[in-house]
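What you see is a predicted model; the values in this text were computed from it and never measured.
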Amino acid sequence: MITPDAPPAVTLLPVDAANWRAVAALTVSEPQRQWVADPAYYLALCHYGTAGWQPLAVTGPDGTVLGFLMWTVDPADSAAWLGGIIIDAAHQGHGLGRAAVRAAIDLLSTRHGHRRFALSYEPANTAARHCYAAVGFTETGETEDTELVARLDLPA
């Protein structure tokens, strides 16, 4: 049972031949469809896009795929960008989005040495705004297309 005091345990794994179908089968709630694309789009972007996005499956303690996110590094400022963050509709409302973002920050700082992070979201997406602010991201006034940019810098 997930309690408000204990963050849920998630693990991030590379999307591979064993889990890509579970990632592609993720769904989001109807209101969120205006903010996020289907996971198959993000998987295609990781494979065929030019920005170097790396796909990660968000898994629970039993190995079940609960969500997805992707990351890349902006060559202009060396910030690790997070994107395509999805938690399956059946698992939302338990803090898994925050846990996944925290796990990504931990993974990218520990394994890859990144200290600067960024992400973006539509201004009207208040759920994303609150989730990312709870992790420590701060809006910068920058925009990426129509989205607000928020950044997080870890101490050296």
Checklist outcome for this item: Heavy atoms of Leu43 and Pro55 approach each other most closely as CD2-CB, 4.2 Å

Checklist entry - Nearest heavy-atom pair of Pro14 and Asn19: which atoms, and what distance? => result O-ND2, 3.1 Å

Checklist entry - Shortest non-hydrogen contact from Ala134 to Arg98? => result CB-CD, 3.5 Å

Checklist entry - Between His47 and Trp20, is the ring centre distance below 6.0 Å? => result no

Checklist entry - If Ile, Leu, Val, Met, Phe, Trp and Tyr residues are connected whenever their side-chain heavy atoms lie under 4.5 Å apart, and connections chain through other members, are Trp53 and Leu13 in the same group? => result no

Item to check | Side-chain (Asp145) to main-chain (Glu147) donor-acceptor, under 3.5 angstrom | outcome: no

Checklist entry - If you measure from CZ on Arg115 to CG on Leu154, what distance do you get to the nearest 0.5 Å? => result 4.5 Å

Checklist entry - Would you call Asp38 and Arg33 a salt bridge, using N to O less than 4.0 angstrom? => result yes

Checklist outcome for this item: Separation between CD1 (Ile105) and OG1 (Thr110), nearest 0.5 Å, reads 11.0 Å

Next on the checklist: Taking the basic N atoms (NZ, or NE/NH1/NH2) and the acidic carboxylate oxygens, is any pair closer than 4.0 Å for Arg129 and Glu139?
Outcome noted: yes

Checklist entry - Are any non-hydrogen side-chain atoms of Asp77 and Arg116 less than 4.5 angstrom apart? => result yes

Checklist entry - Among the clusters formed by ILVMFWY side chains lying less than 4.5 Å apart, do Leu119 and Ile87 turn up in the same one? => result yes

Next on the checklist: Within the 3.5 Å criterion, strictly below it, is a donor on Ser120 or Glu144 matched to an acceptor on the partner's side chain?
Outcome noted: no

Checklist entry - Under 30°, 30 to 60°, or over 60°: which ring-plane class applies to Tyr121 and Tyr132, parallel, tilted or perpendicular? => result tilted

Checklist entry - Should Val58 and Val65 be marked as a side chain to side chain contact (heavy atoms under 4.5 Å, CB included) after you check the CA-CA gap, both sets of side-chain angles, and the distance that decides it? => result CA-CA 6 Å; Val58 179; Val65 174; over 6 Å; no

Checklist outcome for this item: So CH2 of Trp35 and OG1 of Thr126: to nearest 0.5 Å the spacing works out to 8.0 Å

Item to check | Leu56 vs Val15 side-chain heavy atoms within contact, under 4.5 Å | outcome: no

Checklist entry - What is the minimum heavy-atom distance between Gly97 and Cys131, and which atoms define it? => result C-SG, 3.9 Å

Item to check | ILVMFWY cluster, Leu152 and Val149 together (side-chain gap under 4.5 Å) | outcome: no

Checklist entry - Can Gln34 and Glu122 be said to form a side chain to side chain contact (heavy atoms under 4.5 Å, CB included), step by step? => result CA-CA 10 Å; Gln34 63 186 317; Glu122 290 291 337; over 6 Å; no

Item to check | Distance-only side-chain donor-acceptor flag, Gln92 / Gln32, under 3.5 Å | outcome: yes

Checklist entry - Between Tyr42 (side chain) and Leu69 (backbone), is there a donor-acceptor pair under 3.5 Å? => result no

Next on the checklist: Minimum heavy-atom separation for Ala150 and Phe137, please, with both atom names.
Outcome noted: O-CD2, 3.6 Å

Item to check | Same apolar cluster (I L V M F W Y, side chains within < 4.5 Å links), Leu107/Val135 | outcome: yes

Checklist entry - Roughly how far apart are Leu82 CG and Met70 CE, rounded to 0.5 Å? => result 10.0 Å

Checklist entry - For the hydrophobic clusters of this structure (ILVMFWY residues joined by side-chain heavy atoms under 4.5 Å, transitively), does one cluster hold both Leu12 and Ile85? => result yes

Next on the checklist: Rounded at 0.5 Å granularity, tell me how far OG in Ser109 sits from CZ in Phe117.
Outcome noted: 5.0 Å

Checklist entry - Does a side-chain heavy-atom distance below 4.5 Å link Thr59 with Leu66? => result no

Item to check | Intermediate values then yes/no, ring pair (Phe, Tyr, Trp, His ring centres under 6.0 Å), His114 and Trp81 | outcome: CA-CA 10 Å; His114 295 292; Trp81 277 74; over 10 Å; no

Next on the checklist: Would you say Thr72 and Gln54 are linked by a side-chain donor-acceptor pair, where the criterion is simply a distance under 3.5 Å?
Outcome noted: no

Checklist entry - If every non-hydrogen atom of Ala25 is compared with every non-hydrogen atom of Asp88, which pair is closest and at what distance? => result O-OD1, 4.4 Å

